[in-house]
Structure formats: C-alpha cells, structure tokens
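Encoded as structure tokens, the structure appears first; notes follow it.
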Amino acid sequence: MPKPLSILFCASEIYPFAKTGGLADVAYGLPLALRDIGHDIRVMLPKYGPISERKNRIHEINRLKDLPIPVGDKSELATVKSSSIVNPRTKVQAYMTTNHLYFDSKWGVYSDPESGQDYEDNDERFIFFSRTVIETCLLLGWFPDLVHCNDWHTALIPVYMREVFPEKFKNTKIVFTIHNIANQGSFAFKKTFAKTGFPERIAANVRHKNAFNFMKAGISYADHVTTVSPTYGQEIMNNAELSQGLSTVLKKRKDVFTPVLNGIDTSIWNPDKDKLIPKKYNESSVDRKEFNKEALLEKFNLRYRPGTPVFGMISRLVEQKGFSLLREAADKLLAEDLQLVVLGEGDSDIEQFLQELQQRYPDKVGVQIGFDDPLAHIIEAGADMYLMPSLNEPCGLNQMYSFAYGTVPVVRHTGGLIDTVREEATDDGASNGFVFSKFEADDMLAAVKRAIDAFRDRDRWQALIQQGLSEDHSWNKAALAYEEIYRSLYV
Ligand code: ADP
C-alpha cells in the first residue's frame, strides 16, 4: 500500500458553508471521497458574513489568531478558525479565514446580494485569502504533499509557493483545477500586482491582455492542471474565444493537463435518503415521484395536472446557461402541454424575464428567485424532466442529480453535458436523456417535443428513468483519477 498523501484543498466556496454554484459541491464531495480512500486531506475557505459560527461549530485555533497578512503596503489581520465537512461516512477538517473587512462584513461570496455588483476589492480579498493559506501552513509547520487549488480565487497560492516561499514548499506539489474559464479574475494590472507583493521579474507570468489575470497564474505555476470534463478540456484548449485567449497558455501545459469528469455526492443527492424531499423513493418505487411532483407544484402555486410533464430548472441566472434560448422559444414552448418551474438568481434582466413569463403563463410557469437548497432537492425529486439549454457547460451537476432522482435531462450538446447525456444508445449505455446540437430555439423545442412524446409512452419513459438511476456518477471514480494524478507528480 502506498502511503496516504497529505493534501490541502483550497476553494472560495465549499458546501454547506458557502455555495453559489457547482464549485461548492465539488469542494465538498471530492475531498470527502479522497478522505474515504485514505488520504489526510483538509480544506480551506474564507468565512463570509452569513456563515454562522454556532451552527457550523466553528472554533478558534490558538496558534492561528491575529496573523498579520501583507496586502500591498498594508497589513491586515487574519484569524483562522476550524470546522469540518462531514457525510455519513467521513469527516474532513475545514480551515476558515476570518477577517472583518474582506469577509465577515460581506454577505456574498463574490458580489453584493443587494446590488448584484461584484465587490470592488475582489482582487484584494482573494490575495489576502491566498496569503493566509500560506501563512497557515508556515505557522502550523504543515507542508502538505499536495496543495489543490480551484479556479481564479485560489490561483495565486501556487505563485506564493514557488516565487515567495520556494524553499518551504519545495516538496509540495500543486494541482490547479479549472471549473469555469469564463471567470478569470482579471483586474487592472498595476494596482493588483502591487497588492500581491510578487517580485517585479514575474510580471509577465501573471499578465494577460494587459491585465492582471489570476487564472493564468494558476495554469502557469501548477505542477498539474485539470478541468471538470473531457469535452470541456478540449473546448478550452482549442477555443480561443471560450478561453478568452488562455488556450495559448493551456497549450503550453498540455503535457500536464488532464480532464477529470466531476462526480456527485450520493449521500447528499440520493432520493432514498433525502430528508429535504416530501417522499423518499428508490429505483423500485419511482412512482412515488408523483407525490413529490404534487408537492413541488404546490410550492410554485401551480395546479397539479396528472399526465402533464413538469420541466425543472435550477440555475445561476446568467446567459451561459442558455436563457436567451428560453426567451426566444418561450411562447412555442408554452404552447405545449407542459409546466415549467425555475429556481435561480443572478442577472436582473433574466430575473425580470422569468417573472414576466410567470405572469403571462400563471397556470404553466412557476418562478422562484433566490438561492434555496431544499427547494432544489424538491425540484429534482418532483420534476419529470430537467432542462439545461447551456451555451457552454464545463461539467454541469444538475443533469447528474437528475439521473439520481429519476428525472430525465434535456440538454444542449456542449461541454460536460456531452460526456454525460446520451439520446442514442452508445457503448457507454442506453439512452438516458435528450440532446439538441445547435444553440437555436427550434432545436431546443424539437428536443423538448421528443421528450414529451417519450413521456407519453410509459415503457419508454420507465426505461429512460431506470437507465439514469442505474448509472454510477458518484465521486469514487473521479477520486481515484485525482489520486493517480497526485501520485504521478512524485515519480
Ligand atoms: P455552475 O457551477 O455553473 O453554477 P453546476 O451545474 O455545475 O453549474 O452547479 C450548480 C449547482 O448549484 C447545483 O448544485 C445547483 O443545484 C445549484 N444551484 C444553482 N442555483 C441555485 C439556486 N438558485 N438555489 C439552489 N441551488 C442552486
């Protein structure tokens, strides 16, 4: 047996403490799965205002109080506290960086929940966080075998390790995972560079298109780079537009680049154990979905109509998720015998469009604006189909949650959706959903109609549901793939 690795896993959001999207779920499920296979892993994130110390049993660590952290020519104090993430099998220690100015006084992860605007000091907030990660290791005298960083918010940690403290971290390897290349952490160069305290000679390594680019730094300095699905891996490597020019940087690292398809945590997303849904069920009792459907429609003030399919959507309200298609197709879509429930928050024009749609089709459309984890579970349990018309999708988790809940996904052929959803049987298995290729309203409508036709054919529909339920999308496979990557860095 090779010896277990010590790993520090850093992310800006980790379920259940802070979540705006899929990153939080990955930063929960993957570390727990790595712990399950024997590794000594700890996670670290900032402690934002709404994270309750009492509810999350957060406590102080004597050695990690009031650490002076340099940010440009000033110094701010960080106090690192401790909590844990747990599932029914396992527990992983979670370090949380507290600081009033950057995190405690802020109620959003990246943006002000009231105005929807990104915080102006986001560069400083995540420079401070990255620097605190380093100071924590130094003070604990804990230099893990591996530091795993995720997305732009933690992408400067590798630079501090290699350029500022190279001796201390000389035995620590670094993996950097790209969860979404659309957000790169791009800021006015001079001002941000000055806040990092990096030596002048490395300026070019963190500059992209004349701006300071956090993500470029992560890609360039990590020992290994990963992303969250094989197809997205190809897309970002080859598509300069999608990668906003970072494909050239990625190409230089192609020998140390490995896509790994995300998994889902099957203790959180399991209809047989889910305490958040009205009626639990499993593959031999999927007919109980109907109770959940009734409860779901009630939550959205819609009348339950047996035999009418319900489509669900749970999403950040951003154009990447394909809302322009929904806008274009809305009237034709709602001419069909279906109901649509949408849960999301984000861009105000998309929120407004959805609310207007709901007013125009009060019997058919239900909309809840906001972030509501329990309701997300009820949607997965109660909907018949799940609509994901994404323009691009790094991996996507909801299509996999849908499989686990016997909800049939209707998705666009892009990114991780290509790697998980099949309309035609292939070597990977029988059909498990509906897929449309072009980012066009008519293509989406045709796929929706195919899904409704299948819904009317009881046997066909049961086969689709059972196929999804039978698939293993748990973290087990991905955790082994990450373990292999980690170990490969030591040969
Ligand atoms: P992304 O990371 O691009 O937002 P993913 O599909 O990878 O997309 O993950 C989104 C995750 O966030 C899923 O777990 C989804 O259920 C959840 N989610 C998104 N919006 C909301 C919301 N408004 N309320 C509750 N959960 C949400």
Side-chain angles (χ1 to χ4, degrees), residues 11-30 50 108-111 113 116 150-153 177-183 227-229 231-232 235-236 242 260-270 274 276-277 296 299-300 312-323 341-348 350-351 354-355 366-383 386-405 407 409 411-412 414-421 473 475 478:
S12 56
E13 48 182 286
I14 302 182
Y15 176 85
F17 307 121
K19 170 167 168 177
T20 73
L23 171 59
D25 289 5
V26 175
Y28 167 85
L30 175 58
V109 176
Y110 314 112
S111 56
N150 297 279
D151 270 355
W152 74 263
H153 329 94
T177 298
I178 301 168
H179 295 260
N180 191 346
I181 207 155
N183 305 319
T227 191
V228 292
S229 74
T231 301
Y232 193 62
E235 289 171 353
I236 58 178
L242 178 68
V260 179
L261 186 69
N262 278 340
I264 63 171
D265 191 284
T266 46
S267 57
I268 302 285
W269 294 95
N270 176 354
D274 193 338
L276 299 171
I277 63 175
L296 168 65
K299 289 233 170 251
F300 279 87
M313 289 179 91
I314 308 156
S315 180
R316 289 185 296 118
L317 302 181
V318 291
E319 287 304 338
Q320 180 215 328
K321 299 293 181 181
F323 285 96
V341 296
V342 188
L343 165 65
E345 65 178 356
D347 295 354
S348 54
I350 302 178
E351 288 184 359
L354 289 171
Q355 278 162 333
V367 173
Q368 297 266 356
I369 301 298
F371 195 93
D372 188 336
D373 190 44
L375 186 57
H377 284 249
I378 298 172
I379 294 176
E380 285 293 3
Y386 190 91
L387 184 61
M388 239 169 146
S390 307
L391 177 59
N392 46 66
E393 193 59 76
C395 176
L397 295 175
N398 279 108
Q399 80 280 18
M400 295 194 273
Y401 297 148
S402 297
F403 293 142
Y405 281 70
T407 304
V411 308
R412 195 173 90 82
T414 181
L417 298 173
I418 296 181
D419 301 324
T420 47
V421 186
H473 292 283
W475 274 107

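Remember, it's 1-based here, ligands and their atoms both numbered in the order they're listed.
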Any nitrogen or oxygen of N180, side chain or backbone, less than 3.5 Å from one on ligand 1?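 No; the residue has no nitrogen or oxygen that sits under 3.5 Å from a nitrogen or oxygen of the ligand.
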Shortest protein contact, [atom] (heavy atom only):
| atom | value |
| --- | --- |
| atom 22 (C) of ligand 1 | F371 CD1, 3.4 Å |
| atom 17 (C) of ligand 1 | K19 CE, 3.6 Å |
| atom 24 (N) of ligand 1 | D372 N, 3.0 Å |
| atom 20 (N) of ligand 1 | S315 C, 3.5 Å |
| atom 10 (C) of ligand 1 | G22 N, 3.4 Å |
| atom 1 (P) of ligand 1 | K321 NZ, 3.5 Å |
| atom 5 (P) of ligand 1 | L397 N, 3.7 Å |
| atom 13 (C) of ligand 1 | N398 OD1, 3.3 Å |

Is any side-chain heavy atom of [Y] closer than 4.5 Å to one of [X]?
| X | Y | answer |
| --- | --- | --- |
| V26 | V228 | no |
| P389 | M313 | yes |
| L261 | T420 | yes |
| V421 | F403 | yes |
| L317 | I369 | yes |

Does even one non-hydrogen atom of [X] get within less than 4.0 Å of ligand 1?
| X | value |
| --- | --- |
| H179 | no |
| Q368 | no |
| G370 | yes |
| G344 | yes |

For ligand 1, does D25 get within less than 4.0 Å through its side chain, its backbone, both, or neither, judged by non-hydrogen atoms? side chain
Of the backbone atoms (N, CA, C, O) and the side-chain heavy atoms from C-beta on, which set of P394 has a member under 4.0 Å from an atom of ligand 1: side chain, backbone, both, or neither? neither
Polar side chain donor-acceptor pair, Q320 to S390, under 3.5 angstrom: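 Q320 vs S390: no donor-acceptor pair found between side chains.
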Just checking, is any N or O donor in the side chain of Y15 or D265 under 3.5 Å from an acceptor N or O on the other one?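 Checked: Y15/D265 side chains show no N/O donor-acceptor pair below 3.5 Å.
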Give a yes or no on whether the backbone of G344 and the side-chain of S315 come within a donor-acceptor separation of less than 3.5 Å. no
Is the number of heavy atoms from other residues, nucleotides or ligands under 6.0 Å of K321 NZ greater than 12?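 Yes, because the 6.0 Å sphere around NZ of K321 holds more than 12 heavy atoms from other groups.
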Check the orientation of Y405 and W269. Use parallel for under 30°, tilted for 30 to 60°, and perpendicular for over 60°.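 Judged by the thresholds at 30° and 60°, the geometry between Y405 and W269 is perpendicular.
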